[in-house]
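For reference, the structure is listed below as structure tokens.
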Amino acid sequence: MVNEGDLLWTPSASFARGTNIARYMDWLAAERGLRFDGYEALRQWSVDETDAFWSSIWQWCGVRHDGSAVRVTDGAPMPHTRWFPDARVNYAEHVLRHADSAGTAHPAFHHLTENTALETLALPELASQVRRLAGRLRAMGVRPGDRVVAYLPNVPACAVAMLAATSIGAVWSSASIEFGARTVIDRFSQIAPKLLIAGDGYRFGGKTFDRRAEVAEIAQSLPSLEALVWVPQIETDPQVPAAVAQVRFDALLRGPDVGAAQFRYERVASDHPVWIVFSSGTTGLPKPIVHSHVGVLVEHFKLMTLHMDLGPGSVMFFYSTTGWMMWNLLVAALMTGASAVLYDGDPMHGGPECLWKLAQDTRATCFGASPTFVQMMEKAGLEPGKAFDLSALRSIVLSGAPSTPTTFDWFYRAVKRDLWVTSQSGGTEVCSGLVGAAPLLPVYAGEIQTRMLGMAVEVWNDDGQPVTDEVGELVVTKPCPSMPVRFWNDQGDARYRESYFEHFSGVWRHGDFMKLNPRGGCYIYGRSDSTLNRHGVRIGSAEIYRVVEEMDEVADSLVVCCELPGGHFFMPLFLRLRDGLELDDALRRRIAERLRTLCSPRHVPDTMVQAAQIPYTLTGKKMEVPVRKLLMGWPVERAASRGAMANPKALGFFIDFARTQVPA
């Protein structure tokens with residue numbers, strides 16, 4: 001049996017010498033006279049000498065820019081720090097920077113869906129499609145700062161659209177096509193998009209889902225919309241009632257390519273938005289998080305080269321939808337010269353071996369999924385290392401939820417012994433990782449290897465003191481480039497500050513429980529706030545409340561999501577019904593169907609329970625965090641303060657529920 005902290009793998013001398021981070025350290029010694037005796041010394045320098053570190057990333061990665069990169073920051077504190085304020089860059093230009101020198105067969109994307117064979121889109125052809133689409137977008141009146149949004153499955157067209165939009169300075173945002181119309185409208189209505197690029201449907205688990213009605217509702221709910229671009233998935237020529245021009249995506253790709261020499265990337269100011277990603281909370285609409293071109297550019301260069309160790313010849317796969325920031329990172333792999341693998345469909349389609357066959361057929365070097373996926377593999381008794389040729393595979397990326405020692409051990413038992421198994425944690429807020437992988441370090445069971453370079457991560461107790469070997473709040477004490485520039489339409493940054501800087505003044509509180517051990521290893525123990533981590537995707541309780549509480553039968557509700565031993569999740573929904581009503585199976589089915597249709601399948605709880613009262617604080621907030629702590633086994637006196645409750649008697653029901661009905 002493997003225990004937490006057991007040593008599972010150590011990089012060989014040849015493996016370590018061949019890594020990007022080893023080459024980077026050699027470059028620092030030769031170019032800047034800086035020598036470090038290991039990763040931890042390098043990491044400490046990167047957070048002590050922030051400007052020097054990020055300046056070195058800029059130079060080592062060869063960032064293309066106008067203006068000057070001498071000034072790294074403007075000196076303003078979080079959350080208003082501006083990075084490389086005198087430089088102008090374009091993110092898409094760097095994702096496609098290898099296209100000019102790549103051979104005509106160099107793959108950008110390998111892509112597979114449930115009903116298509118494995119195909120490859122070459123990097124030069126990807127760049128050509130981006131240029132052609134960008135030219136048409138300009139001709140349609142899309143200008144720098146305009147919002148272009150997508151409602152698409154994980155197909156290459158989505159990446160083409162993202163790169164084309166950002167190449168001309170437009171602001172990108174995407175939602176997964178499995179989301180219901182209400183969930184998408186809650187997001188896109190906040191940012192007033194000019195253009196919607198949508199699929200007419202998708203396939204999952206052998207079934208076809210027609211989304212034309214959802215697209216029509218979304219389009220009709222966005223008064224700023226000027227055009228709807230279709231990416232057909234189930235019909236050859238989809239159309240819906242909408243008071244905007246409608247055109248097929250492939251029609252926009254017709255016509256000549258001006259060529260790389262003539263195409264003009266829109267290099268934009270350092271705080272110009274590259275995209276808006278959404279992270280949900282417990283109140284109000286999902287948070288529209290704005291990232292800048294320069295911020296994600298230097299962060300992704302650092303992440304993908306030094307921590308993911310990607311480069312020419314690498315092939316990265318991660319199972320993701322277009323509504324998760326891991327999709328953005330898949331596309332970012334191209335900036336290193338690597339290829340990416342896109343899969344749209346059920347990861348178990350045709351059997352549990354589906355994604356492992358894909359890894360074999362694409363010669364994947366980096367395989368990524370959530371711990372939930374590993375649980376499915378274990379239950380199926382699959383041993384991919386025996387069934388498939390995974391000789392190209394060198395690393396595993398686990399993300400989306402805490403990983404257990406058993407999860408790590410499964411890869412060494414069932415896949416291969418010489419494997420760099422990593423767990424990462426970060427989030428939508430930084431579109432990257434805060435803690436994660438370093439190829440120079442050993443792998444210990446259940447342990448995230450380290451804090452990432454340039455990320456001033458600490459663990460603080462409730463008194464705001466740094467602690468080691470003790471579970472506390474994950475905080476970031478210094479700014480990093482990919483922290484949000486702002487939230488869209490957030491007057492005075494009020495919601496931004498409330499979300500991350502209210503708990504510890506002037507310090508970013510991320511919302512995760514974490515432990516840091518003496519050797520620098522990290523353990524994430526789930527959310528410390530009330531955000532729901534549903535099978536690796538974070539959703540907001542407010543989204544569930546808006547759908548459930550508008551039903552006539554429901555007077556109030558409370559939802560939490562608990563991380564359980566073995567990497568499992570448990571998400572109960574507690575309902576206070578109108579007087580005289582009982583929660584029967586028919587009402588449960590109606591609630592589940594509304595959540596599945598208006599939000600997504602991930603919003604459907606594991607169980608629904610009738611409660612006489614929903615507990616509130618004296619200030620009128622639902623007590624989600626205390627209830628979650630109770631359900632995860634915290635002592636009552638540590639989980640909740642009855643003196644801070646508006647209705648202390650309400651807590652008794654949840655104490656009993658925690659003792660008797662929470663899965664072990």
Side-chain angles (χ1 to χ4, degrees), residues 175 178-190 214 217-218 221 278-288 495 498-499 527 529-534 537-562 569-628 630-631 640 645-654 657 661:
E178 69 174 21
F179 283 0
R182 171 80 66 86
T183 301
V184 178
I185 294 165
D186 282 348
R187 286 158 168 76
F188 291 166
S189 63
Q190 298 184 66
E214 284 78 7
E217 184 178 350
I218 293 165
S221 301
F278 289 89
S279 183
S280 299
T282 59
T283 59
L285 295 171
K287 301 188 290 285
R495 195 178 182 197
E498 178 187 6
S499 297
R527 299 296 294 173
D529 61 16
S530 47
T531 303
L532 309 172
N533 187 341
R534 184 67 164 159
V537 176
R538 293 178 183 177
I539 60 177
S541 55
E543 296 181 73
I544 291 175
Y545 299 147
R546 279 197 298 275
V547 170
V548 170
E549 292 177 14
E550 66 183 18
M551 298 179 68
D552 291 339
E553 297 91 339
V554 179
D556 203 355
S557 61
L558 184 143
V559 65
V560 297
C561 189
C562 305
F569 297 91
F570 177 57
M571 191 170 93
L573 172 63
F574 300 96
L575 299 159
R576 181 170 72 82
L577 302 183
R578 303 292 179 188
D579 290 346
L581 296 181
E582 295 291 331
L583 181 61
D584 57 17
D585 288 343
L587 181 55
R588 286 187 176 94
R589 285 193 295 269
R590 284 205 298 122
I591 292 172
E593 184 57 28
R594 282 180 59 84
L595 288 168
R596 184 178 293 108
T597 302
L598 297 177
C599 296
S600 83
R602 288 189 178 91
H603 290 72
V604 179
D606 294 309
T607 188
M608 300 180 206
V609 183
Q610 187 167 353
Q613 296 184 69
I614 298 299
Y616 280 84
T617 68
L618 291 170
T619 57
K621 293 183 178 180
K622 296 185 184 190
M623 295 182 63
E624 295 159 312
V625 173
V627 168
R628 178 176 171 274
L630 281 173
L631 270 55
M645 292 183 63
N647 50 348
K649 291 183 179 179
L651 205 60
F653 171 85
F654 295 90
F657 184 89
Q661 298 190 52

For Ser600, check side chain to side chain donor-acceptor pair (under 3.5 Å) against everything at least two apart and list the hits.
His603
Which heavy atom of Val554 sits nearest to which heavy atom of Val548, and what is that distance?
CB-O, 3.6 Å
Quick check for you: to the nearest 0.5 Å, what is the distance between Phe278 atom CZ and Leu285 atom CG?
9.0 Å
Interatomic distance, CZ@Arg182 vs CZ@Arg187, rounded to 0.5 Å, equals 12.5 Å
How far apart are the closest heavy atoms of Tyr616 and Asn647, and which atoms are they?
N-OD1, 3.0 Å
Residue set satisfying salt bridge (charged side-chain N to carboxylate O under 4.0 Å, His left out) with Arg576, at least two apart, ordered chain then number -> none
For Phe574 and Phe654, take the angle between the two ring planes, folded into 0 to 90°, and tell me which bin it lands in: parallel under 30, tilted 30 to 60, perpendicular over 60.
perpendicular
Hey, could you give me the CD1/OH distance between Ile614 and Tyr545, rounded to the nearest 0.5 Å?
8.0 Å
Evaluate side-chain contact (heavy atoms from CB on, under 4.5 Å) for Leu587 paired with Leu577, printing each intermediate quantity in order.
CA-CA 11 Å; Leu587 181 55; Leu577 302 183; 4.0 Å; yes
Quick check against the 3.5 Å criterion: does Gln190 have a side-chain atom that pairs as donor or acceptor with the backbone of Pro286?
yes
Between the side chain of Arg578 and the main-chain N/O of Asp552, is any donor-acceptor distance below 3.5 Å?
yes
Only counting residues at least two apart or in another chain, list the ones meeting salt bridge (charged side-chain N to carboxylate O under 4.0 Å, His left out) with Arg590.
Glu553
Nearest 0.5 Å please: distance from the CZ atom of Arg589 over to the CZ atom of Arg596.
12.0 Å
Interatomic spacing from CD in Glu214 to OG1 in Thr597 - rounded to 0.5 Å
8.0 Å
Would Val547 and Cys599 count as a side-chain contact (heavy atoms from CB on, under 4.5 Å) here? Give the steps.
CA-CA 8 Å; Val547 170; Cys599 296; 3.5 Å; yes
Does Leu581 offer a backbone N or O that forms a donor-acceptor pair with the side chain of Gln610 under 3.5 Å?
yes
Would you call Glu498-Arg495 a salt bridge at under 4.0 Å N-O?
no
Of Met623, Glu624, Lys622, the one forming a side chain to side chain contact (heavy atoms under 4.5 Å, CB included) with Pro626 is Met623
With sequence neighbours excluded, residues passing salt bridge (charged side-chain N to carboxylate O under 4.0 Å, His left out) with Asp585
Arg588
Please name all residues satisfying side chain to side chain donor-acceptor pair (under 3.5 Å) with Glu582, sequence neighbours left out, ordered by chain then number.
none
What one should report as the nearest heavy-atom pair of Phe569 and Asp606 is O-OD2, 3.9 Å
Would the distance check show the side chain of Arg628 and the main-chain N or O of Cys562 forming a donor-acceptor pair, the cut-off being under 3.5 Å?
no
Could I get the full list of salt bridge (charged side-chain N to carboxylate O under 4.0 Å, His left out) partners for Glu217, not counting sequence neighbours?
none
Nearest heavy-atom contact between Leu598 and Thr183 is O-OG1, 2.9 Å
Restricting to non-hydrogen atoms, name the atom on Pro605 and the atom on Pro572 that form the minimum distance, rounded to 0.1 Å.
CB-C, 4.4 Å
Please report the closest heavy-atom contact between Val627 and Leu558, naming both atoms and the distance.
CG1-CD2, 4.0 Å
